[in-house]
Amino acid sequence: MSAHCEEEHKVEEEVPAVEETAEASEEAEEEEEQKPEIKVETAPQDVRFPSCNQSRHCFTRYNEFHKCAAEKGEDAEDCKFYQRAYRSLCPGDWVSKWNEEREAGTFAGRY
């Protein structure tokens, strides 16, 4: 008789767990609906740089951005493309070094 009571007790414990799971899934669905869509992109392929090593591509995009910024201003929509491209291609350490060199007037690039 005691075994029968234990089985009933187990059944009662499982029911709230199912309800909690349903509530948790509803909350998860609400959170997914509220999340903004994030679009992750990188620079498109450039036929001038066919190899896997993208160092030159990075350096070129960095220079193209600064050339565009000098001609049109950093906030120009055309320049934003180059900025996104070099930021996705170039290591942060390189960009920091190049920015420091530009400020000091020792940067090897044109702009």
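Just so it is clear, the structure is predicted and the values come from calculations on it, not from any experiment.
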Discussion item. Can you list everything that forms a side-chain contact (heavy atoms from CB on, under 4.5 Å) with Ser55? Sequence neighbours excluded, please.
Written reply: Asn53, Trp94
Straight-line distance of [X] [atom1] to [Y] [atom2], nearest 0.5 Å:
X	Y	atom1	atom2	result
Asn99	Tyr62	CG	OH	3.5 Å
Gln54	Leu89	CD	CG	6.0 Å
Phe65	Arg87	CZ	CZ	7.0 Å

Fill in: Residue Glu101 excluded, over 12 heavy atoms near CD under 6.0 Å
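Yes - once you tally the heavy atoms of other residues, nucleotides and ligands closer than 6.0 Å, there are more than 12.
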Worksheet entry | Lys/Arg N to Asp/Glu carboxylate O, Glu100 vs Lys97, below 4.0 Å | no
Worksheet item: Do the ring planes of Phe59 and Phe107 sit parallel (below 30°), tilted (30 to 60°) or perpendicular (above 60°)?
Response: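 Judged by the thresholds at 30° and 60°, the geometry between Phe59 and Phe107 is tilted.
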Using atom types as modelled, flag every donor-acceptor pair under 3.5 Å from a side chain in residues 76-84 to any protein atom, sequence neighbours excluded.
{"residue": "Asp78", "atom": "OD2", "partner": "Lys72", "partner atom": "NZ", "Å": "2.6"}

Worksheet item: What heavy-atom pair brings Ser88 and Ala85 nearest, and what distance separates the two atoms?
Response: OG-O, 3.0 Å
Fill in: Lys67: partners by salt bridge (Lys or Arg N to Asp or Glu O under 4.0 Å), with sequence neighbours left out
none
